[in-house]
Amino acid sequence: MKITYWSDYACPYCYIGEARLKKAIKDIPEHKDIEIEMKAFQLDPSAGEHATGDTQTRFAHKYGISFADAGRQIESISRMGIAEGLDFKYATTLFTNTMDAHRLTKYAAEQGNTQVQELLYHAFFCQHQNIGVHDVLLSIALQAGLNKDEVAKMLNSDRYIEEVRADEKSAHIKDIHMVPHFIVDG
């Protein structure tokens with residue numbers, strides 16, 4: 001079985017969805033035969049490298065709701081993450097551009113390393129790290145056991161940008177506008 005899903009590291013539902021997917025797969029007797037492929041989907045490709053503003057204000061503006069309603073929704077989403085066993089702190093995330101995080105994921109996948117995905121989500125939603133900054137991405141790569149010099153070289157290049165854009169284009173072709181989006185065996 002192959003599960004393909006589109007996701008973004010700044011999406012709380014994607015982190016929750018991935019946690020739920022991993023739990024569900026463990027319940028399948030043939031879980032070692034399941035191939036999982038994450039595809040990139042940037043929620044906001046125009047986001048800057050550095051976070052600006054707080055999550056609650058951004059959320060209220062994005063969805064056209066009051067500041068108080070945004071706070072309640074953020075808290076509700078955080079409780080969903082906590083219920084999945086995640087140390088989930090959505091209110092204090094640093095929303096930033098995720099292109100380089102997706103590029104790091106592509107590089108790691110090429111190395112056979114899937115740890116980077118969980119570390120990126122954890123850094124964003126649990127540790128309040130700006131995953132648009134190369135130093136943060138290098139630290140995550142090291143935690144995952146990747147070669148620091150090779151990752152730095154990749155981050156300072158245009159490598160994997162086209163692959164990330166191809167994932168986003170494939171989502172558009174499949175009429176995928178929201179993430180997470182899962183496809184099982186095509």
Peer 1: Measure the shortest side-chain to side-chain distance between T93 and F59 over non-hydrogen atoms and say whether it is less than 4.5 angstrom.
Peer 2: no
Peer 1: Is V136 linked to F124 within one hydrophobic cluster, defined over Ile, Leu, Val, Met, Phe, Trp and Tyr using a side-chain heavy-atom separation of less than 4.5 Å?
Peer 2: yes
Peer 1: Regarding H102 and D8, do their side chains bring together a donor and an acceptor under 3.5 Å, going by distance alone?
Peer 2: yes
Peer 1: Taking all non-hydrogen atoms of both residues into account, name the closest pair between L138 and K148 and its distance.
Peer 2: CD2-O, 3.6 Å
Peer 1: Locate the shortest heavy-atom distance separating P12 from A10; write the atom from each residue and the value.
Peer 2: CD-O, 3.5 Å
Peer 1: How long is the span from the CG atom in N147 to the CD atom in Q111, to the nearest 0.5 Å?
Peer 2: 8.5 Å
Peer 1: Measuring from E49:CD to T96:OG1, what's the distance to the nearest 0.5 Å?
Peer 2: 6.5 Å
Peer 1: Any chain of hydrophobic side-chain contacts (each under 4.5 Å) joining L155 to V164?
Peer 2: no
Peer 1: Restricting to non-hydrogen atoms, name the atom on A108 and the atom on V116 that form the minimum distance, rounded to 0.1 Å.
Peer 2: CB-CG2, 3.6 Å
Peer 1: One thing to verify: whether D167 and K106 come together as a salt bridge, which I'm taking to mean a side-chain N less than 4.0 angstrom from a carboxylate O.
Peer 2: yes
Peer 1: Connecting only ILVMFWY residues whose side-chain heavy atoms lie within less than 4.5 Å of each other, what is the rest of I183's hydrophobic cluster?
Peer 2: W6, F41, L43, I176, V179
Peer 1: Okay, side chain of N113, backbone of A144: is any donor-acceptor separation there less than 3.5 Å?
Peer 2: yes
Peer 1: Are the side chains of I28 and D33 in touch, meaning some heavy atoms are under 4.5 Å apart?
Peer 2: no
Peer 1: Are any side-chain N or O atoms of R159 and backbone N or O atoms of K153, one a donor and one an acceptor, separated by less than 3.5 Å?
Peer 2: no
Peer 1: Just wondering, more than 12 heavy atoms not from F182 lying within 6.0 Å of its CZ?
Peer 2: yes
Peer 1: Is there a path from M99 to F95 through hydrophobic residues (I, L, V, M, F, W, Y) whose side chains come within less than 4.5 Å of each other?
Peer 2: no
Peer 1: Per the side chain to side chain donor-acceptor pair (under 3.5 Å) rule, what does the pair list look like for residues 175-186, sequence neighbours excluded?
Peer 2: D175-H177
Peer 1: Ignoring hydrogens, what is the shortest heavy-atom contact between D44 and N97? Give both atom names and the distance.
Peer 2: O-ND2, 4.3 Å
Peer 1: Enumerate the residue pairs fulfilling side chain to side chain donor-acceptor pair (under 3.5 Å) with a member in residues 34-43, sequence neighbours excluded, ordered by first and then second residue.
Peer 2: K2-E37, Q42-E168
Peer 1: Decide side-chain contact (heavy atoms from CB on, under 4.5 Å) for T55 and R58; before the verdict, give the C-alpha distance in whole Å, the side-chain angles of both, and the deciding distance to 0.1 Å.
Peer 2: CA-CA 5 Å; T55 300; R58 185 186 60 76; 4.2 Å; yes
Peer 1: Would you list the pairs meeting side chain to side chain donor-acceptor pair (under 3.5 Å) in which at least one residue belongs to residues 74-86, sequence neighbours left out?
Peer 2: R20-E84, K23-E84
Peer 1: About how many Å separate SG of C14 and CD of Q117, when rounded to the nearest 0.5 Å?
Peer 2: 11.5 Å
Peer 1: For D87 and C126, which heavy atoms make the closest approach, and how far apart are they?
Peer 2: O-SG, 2.7 Å
Peer 1: What heavy-atom pair brings D100 and G132 nearest, and what distance separates the two atoms?
Peer 2: OD2-O, 4.4 Å
Peer 1: Verify the cluster assignment for L94 and L86: are they in a single hydrophobic cluster under the rule of side-chain heavy atoms below 4.5 Å apart?
Peer 2: no
Peer 1: If you draw a 6.0 Å radius around CG in N156, do more than 12 non-hydrogen atoms from other residues or ligands fall strictly inside?
Peer 2: yes
Peer 1: Check the pair I36 / T114 against side-chain contact (heavy atoms from CB on, under 4.5 Å), numbers first and verdict last.
Peer 2: CA-CA 10 Å; I36 301 172; T114 58; over 6 Å; no
Peer 1: Just how far is it from atom CZ of R72 to atom OG of S66, taken to the nearest 0.5 Å?
Peer 2: 6.0 Å
Peer 1: Rounded to the nearest 0.5 Å, what separation is found between the OG1 atom of T105 and the OH atom of Y9?
Peer 2: 2.5 Å
Peer 1: Answer whether the closest heavy-atom distance between the side chains of L104 and L146 falls below 4.5 Å.
Peer 2: yes
Peer 1: About how many Å separate CE of M154 and CG of L137, when rounded to the nearest 0.5 Å?
Peer 2: 8.0 Å
Peer 1: Is it the case that more than 12 heavy atoms not belonging to H128 sit under 6.0 Å from its NE2 atom?
Peer 2: yes
Peer 1: Which residues satisfy the ring-ring contact (aromatic ring centres under 6.0 Å, His included) test with Y160, sequence neighbours excluded?
Peer 2: none
Peer 1: Checking Y15 now: which residues fulfil ring-ring contact (aromatic ring centres under 6.0 Å, His included) with it, not counting sequence neighbours?
Peer 2: F88, Y121, F125
Peer 1: Would you say that R165 contacts E162 through its side chain, given a criterion of any heavy-atom pair below 4.5 Å between the two side chains?
Peer 2: yes
Peer 1: Just by distance, with hydrogens left out, do Y5 and E18 show a side-chain donor and acceptor under 3.5 Å apart?
Peer 2: yes
Peer 1: Look at the side-chain heavy atoms of Ile, Leu, Val, Met, Phe, Trp and Tyr, link any pair under 4.5 Å apart, and say whether I65 and Y13 land in one connected group.
Peer 2: yes
